[in-house]
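Notes to accompany the following structure.
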Amino acid sequence: MKKLRIDKMLGHLGYGTRKEIKQYAKQGMIAVNGEIVKNSSVKVDVEKDVVTFVGEEVHYREFVYILLNKPAGVISATEDHVERTVIDLLDDELRHFEPFPVGRLDKDTVGFLLLTNDGQLAHRLLTPKNDVPKTYFARIDEAVTAADVEAFKEGVTLDDGYETKPAKLELTERPDEIFVTITEGKFHQVKRMFRAVEKEVVYLKRCSMGPLELDEHLREGEYRELTEEEVEALQNYR
């Protein structure tokens with residue numbers, strides 16, 4: 001059982017400020033289980049009570065989980081006074097929940113990005129000790145060799161002296177195109193790992209994170225909310 005004041009419940013869902021919702025209640029616009037409630041401080045059981053606003057049932061939810069196919073040219077931040085952010089791509093209804101990106105993709109990197117306001121889940125996915133895998137497709141400026149595969153398997157030394165955890169390189173039919181799986185999220189990590197073997201990444205796309213893969217039906221810049229099954233897979237991961 002989770003009880004919330006009506007004004008807090010409706011405010012969380014974007015129906016207005018506490019002051020506005022108080023006025024809506026006084027005007028008889030809010031009902032609980034079929035009865036008009038004019039006191040917006042009344043508490044309701046968000047799981048059992050039926051709350052309606054101007055006759056339409058209100059469906060409460062605390063968290064949102066959004067899968068975005070991030071395009072190039074936007075930054076993985078919640079706000080910026082100069083650059084366009086991934087939050088700017090969302091509609092007002094979802095932005096109201098104040099989601100944030102779970103981890104970051106570079107400005108020119110595209111692909112899988114999870115956005116949520118569930119801080120506990122985000123922490124579990126990002127904490128280094130959980131070794132959550134992230135797989136990328138990369139195009140390199142020259143052929144990737146078996147020696148590179150072995151180097152990544154052992155872990156490489158970045159430009160600041162950091163020794164990375166082992167990473168998996170998978171070769172494809174094209175020698176300059178590979179899949180790489182890492183379990184860390186250091187700044188520009190994939191690009192810096194290739195620089196450690198004297199190569200440059202010219203295109204980078206994240207394909208998956210943990211148990212979820214990018215929805216290939218989403219064009220760059222498009223997004224959708226996760227299904228219940230996908231949310232459950234994330235919550236039960238590790």
Side-chain angles (χ1 to χ4, degrees), residues 11-17 20 61-128 132-141 158-160 177-195 199-227 230-231 234:
H12 177 72
L13 297 174
Y15 283 84
T17 64
E20 289 171 337
R61 54 178 175 164
E62 185 174 3
F63 300 121
V64 291
Y65 305 91
I66 304 157
L67 172 57
L68 169 70
N69 187 351
K70 179 191 170 298
V74 297
I75 62 173
S76 300
T78 54
E79 61 179 339
D80 191 277
H81 298 302
V82 177
E83 304 281 3
R84 194 178 186 205
T85 76
V86 291
I87 303 302
D88 294 328
L89 301 176
L90 306 179
D91 61 33
D92 290 340
E93 179 184 351
L94 290 174
R95 279 204 300 266
H96 177 78
F97 284 90
E98 299 183 347
F100 53 85
V102 180
R104 294 177 180 271
L105 292 181
D106 300 340
K107 183 178 179 179
D108 59 349
T109 300
V110 302
F112 183 108
L113 186 64
L114 177 66
L115 304 166
T116 186
N117 58 344
D118 186 342
Q120 187 174 13
L121 175 70
H123 175 73
R124 194 162 67 249
L125 291 173
L126 293 176
T127 186
V132 175
K134 294 170 281 287
T135 298
Y136 298 78
F137 168 79
R139 190 171 297 120
I140 314 302
D141 67 342
L158 301 185
D159 47 17
D160 60 358
E177 293 184 349
I178 55 88
F179 289 94
V180 55
T181 300
I182 61 175
T183 58
E184 302 174 282
K186 300 296 181 182
F187 184 68
H188 294 321
Q189 179 161 342
V190 173
K191 295 175 182 177
R192 292 166 68 201
M193 289 182 76
F194 274 99
R195 286 185 192 131
K199 293 178 171 63
E200 289 288 331
V201 174
V202 296
Y203 174 81
L204 190 62
K205 175 182 180 180
R206 185 193 279 168
C207 304
S208 66
M209 180 179 186
L212 300 187
E213 295 183 354
L214 179 64
D215 186 337
E216 293 296 344
H217 292 98
L218 294 175
R219 291 177 295 183
E220 288 184 14
E222 293 185 337
Y223 60 89
R224 67 167 173 81
E225 293 191 56
L226 297 188
T227 65
E230 288 171 328
V231 173
L234 281 178

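Side chains included, hydrogens not; waters and symmetry mates left out as well; all remaining heavy atoms used.
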| What pairs with V231 under side-chain contact (heavy atoms from CB on, under 4.5 Å), at least two apart in sequence or on another chain? | Y65, L226, Q235
| query | Is there a donor-acceptor contact under 3.5 Å from the side chain of D80 to the main chain of T85? | reply | no
| How many angstroms lie between atom CG of L234 and atom OG1 of T116, to the nearest 0.5 angstrom? | 9.0 Å
| Close side-chain approach of D141 to K199, heavy-atom, < 4.5 Å | yes
| said: When you measure from the side chain of K70 to the backbone of K107, do you find a donor-acceptor pair of N or O atoms at a distance under 3.5 Å? | reply: yes
| note | By ring-ring contact (aromatic ring centres under 6.0 Å, His included), H188 pairs with (sequence neighbours left out) none
| So, does D92 use its side chain to make a donor-acceptor pair with the main chain of R95 at under 3.5 Å? | no
| said: So, applying side-chain contact (heavy atoms from CB on, under 4.5 Å) with P99, which one of T78, V86, I87 is it? | reply: I87
| request: Would you mind reporting whether R61 and E225 have side-chain heavy atoms less than 4.5 Å apart? | output: yes
| Spacing of CG belonging to L158 relative to NZ belonging to K186, to within rounding of 0.5 Å | 9.0 Å
| query | Which is it for Y223 and L94 under the side chain to side chain contact (heavy atoms under 4.5 Å, CB included) test, yes or no, and what are the steps along the way? | reply | CA-CA 11 Å; Y223 60 89; L94 290 174; 3.6 Å; yes
| From CG (L105) to OH (Y136), nearest 0.5 Å | 5.5 Å
| Residues which pass side chain to side chain donor-acceptor pair (under 3.5 Å) with Y15, listed by chain and number, not counting sequence neighbours | none
| request: Check whether any side-chain N or O of H96 sits under 3.5 Å from a backbone N or O of D91 as a donor-acceptor pair, and report yes or no. | output: no
| message | Check whether N117 reaches the backbone of V64 with its side chain - one donor and one acceptor, N or O, closer than 3.5 Å. | response | yes
| said: Minimum heavy-atom separation for C207 and F137, please, with both atom names. | reply: SG-N, 3.7 Å
| How would you list, by chain and number, every residue that makes a ring-ring contact (aromatic ring centres under 6.0 Å, His included) with Y203, sequence neighbours excluded? | none
| field | With L218 via side-chain contact (heavy atoms from CB on, under 4.5 Å) - residues at least two apart | value | L67, N69, D215, E222, R224
| query | How many angstroms lie between CZ in R195 and CG in D159, if you round to the nearest 0.5 Å? | reply | 7.5 Å
| message | Using a strict threshold of under 4.0 Å (side-chain N to carboxylate O), is an ion pair present between E177 and K205? | response | no
| task | Could you tell me which residues satisfy side chain to side chain donor-acceptor pair (under 3.5 Å) with T135, sequence neighbours excluded, listed by chain and number? | result | T181
| task | Indicate yes or no for a side-chain donor-acceptor contact from R206 to the backbone of F112 under 3.5 Å, with no hydrogens or angles considered. | result | yes
| said: Determine whether a donor-acceptor pair (N or O, by modelled atom type, separation under 3.5 Å) exists between the side chain of D106 and the backbone of D108. | reply: no
| request: Look up atom CD1 in I75 and atom CZ in R104, then write down how far apart they are to the nearest 0.5 Å. | output: 7.5 Å
| Name the one of V202, V201, V180 that satisfies side-chain contact (heavy atoms from CB on, under 4.5 Å) with I140? | V201
